[in-house]
Every structure is written in C-alpha cells, then in structure tokens.
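Ligands are counted one by one from 1 in listed order, and the atoms in each one are counted from 1 as well. Hydrogens, waters and symmetry mates play no part in the numbers below; they use all other heavy atoms, side chains included.
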Amino acid sequence: MVLHGSCRCGNIHLALSTDMEAAAFTPRACDCDFCVERGAAWMSDPAASLSLTVKNRDDLELQKQGSETADFWVCKACGTVVCVTADLNGRRFATINARAMDDRHSFQAPVPASPKLLAADEKQARWAKLWIGCVTVRDALSIG
Ligand SMILES: [Zn+2]
C-alpha cells in the first residue's frame with residue numbers, strides 16, 4: 001500500500017510504499033527540544049520506499065540538528081517538519097514525521113525515544129537499521 005502525507009501547505013508531498021498496514025506503525029516520539037517543540041513523532045519501515053516530491057524548492061529548508069549528521073526537511077511556507085534524512089555509506093535513509101501523514105490517526109500511540117543519549121556512531125547504526133532505506137526525491141518541475 002502507499003501511505004501519503006504532506007506538509008500543511010502541500011509544498012512537500014510524501015508517498016511511503018510499504019507492506020505494513022497503517023495500524024502496524026508505532027511512531028517514536030523523540031525527546032529532544034527540537035522534536036518536542038514541534039510535536040514530531042518518527043515512523044519508518046526499513047523495507048519500505050519513500051518518494052518525496054517538492055513543488056517549490058525555495059520553500060524547502062534542510063536543517064541540521066543535534067549531532068549535525070542528519071537533515072530535517074522543513075517547509076518554510078508552513079513550518080511543518082516532514083522527515084529527516086541521513087546519508088550513510090553512500091545511501092540515503094529517512095524517517096518521516098507521523099504528524100504529517102494522512103493516516104496519522106490510524107497509527108499506534110507514539111512511544112518515547114531518547115536518541116540524544118546515543119553517540120553519533122550509535123545513532124547512525126540505529127538509523128541504518130530502523131529507517132527507510134530507499135529514498136527518492138522528485139522536483140515538481142522535473143515531473144511536470
Ligand atoms: Zn508547507
């Protein structure tokens with residue numbers, strides 16, 4: 001199935017192709033200040049593939065947070081954080097903000113997570129295991 005999501009204004013669209021039912025996802029509520037402030041809870045399926053479509057690149061801001069090894073994708077027009085990506089060993093991994101997904105009310109209640117307690121290399125090992133390992137980014141201009 002494909003689970004869809006977007007930022008509030010629709011500039012950034014997410015399509016997650018997964019074998020998991022929406023109800024099988026348990027988002028992880030990170031307890032760092034950035035995520036708490038924005039009410040972000042992260043969900044991923046290592047076997048899934050994620051397609052990101054950006055209408056207006058000027059309104060996309062990639063923010064480095066914490067250990068500076070991951071990029072938070074923020075829409076400047078509406079302030080929504082849609083996902084986080086990290087490039088590890090030449091491969092791009094991602095986790096998405098459950099709050100930005102159309103099916104957000106079907107997911108399990110978020111469980112607390114404290115990745116800030118991990119060292120940078122421990123974080124990256126965790127991401128490579130948990131996060132979506134197939135990520136493509138499309139520009140609305142290039143796909144018409
Ligand atoms: Zn937006």
Side-chain angles (χ1 to χ4, degrees), residues 1-118 120 123-124 126-144:
M1 63 169 62
V2 181
L3 302 178
H4 293 275
S6 70
C7 65
R8 272 195 297 278
C9 76
N11 184 43
I12 308 169
H13 179 261
L14 307 105
L16 182 71
S17 300
T18 173
D19 292 333
M20 287 171 65
E21 300 281 333
F25 284 95
T26 303
R28 301 174 297 277
C30 172
D31 65 354
C32 82
D33 294 342
F34 181 88
C35 292
V36 169
E37 202 173 292
R38 288 158 184 81
W42 306 102
M43 53 179 268
S44 52
D45 163 13
S49 57
L50 173 67
S51 173
L52 291 158
T53 306
V54 182
K55 281 189 196 153
N56 181 358
R57 291 256 176 168
D58 291 342
D59 281 338
L60 169 65
E61 185 178 2
L62 298 182
Q63 285 186 18
K64 297 240 184 255
Q65 292 293 332
S67 52
E68 305 269 307
T69 48
D71 288 309
F72 285 71
W73 290 53
V74 183
C75 176
K76 284 195 276 189
C78 67
T80 308
V81 188
V82 293
C83 67
V84 184
T85 59
D87 296 325
L88 307 171
N89 302 320
R91 186 164 163 196
R92 174 167 283 181
F93 291 85
T95 186
I96 55 189
N97 186 357
R99 292 281 181 94
M101 301 303 287
D102 296 349
D103 289 300
R104 57 188 170 276
H105 300 300
S106 305
F107 305 141
Q108 300 297 309
V111 294
S114 273
K116 68 184 179 190
L117 300 176
L118 300 174
K123 277 187 202 169
Q124 292 180 1
R126 179 181 160 89
W127 299 339
K129 199 167 64 183
L130 277 182
W131 286 12
I132 302 152
C134 177
V135 181
T136 55
V137 181
R138 297 190 300 172
D139 198 304
L141 290 174
S142 63
I143 58 170

Donor-acceptor under 3.5 Å ([X] side chain, [Y] main chain):
X: Asn97; Y: Val81; answer: yes
X: Lys55; Y: Ile12; answer: no
X: Ser44; Y: Leu130; answer: yes
X: Arg91; Y: Leu88; answer: no
X: Arg99; Y: Ala40; answer: no

Checklist entry - Can the positive tip of Arg38 be found less than 6.0 Å from the middle of the six-membered ring of Phe34, inside 45° of the ring normal? => result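 Yes, a cation-pi geometry holds between Arg38 and Phe34.
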Checklist entry - Which count of protein N, O or S atoms is obtained for distances strictly below 2.8 Å from the Zn ion (ligand 1)? => result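 Considering protein N, O and S only, the Zn ion (ligand 1) has 4 within range.
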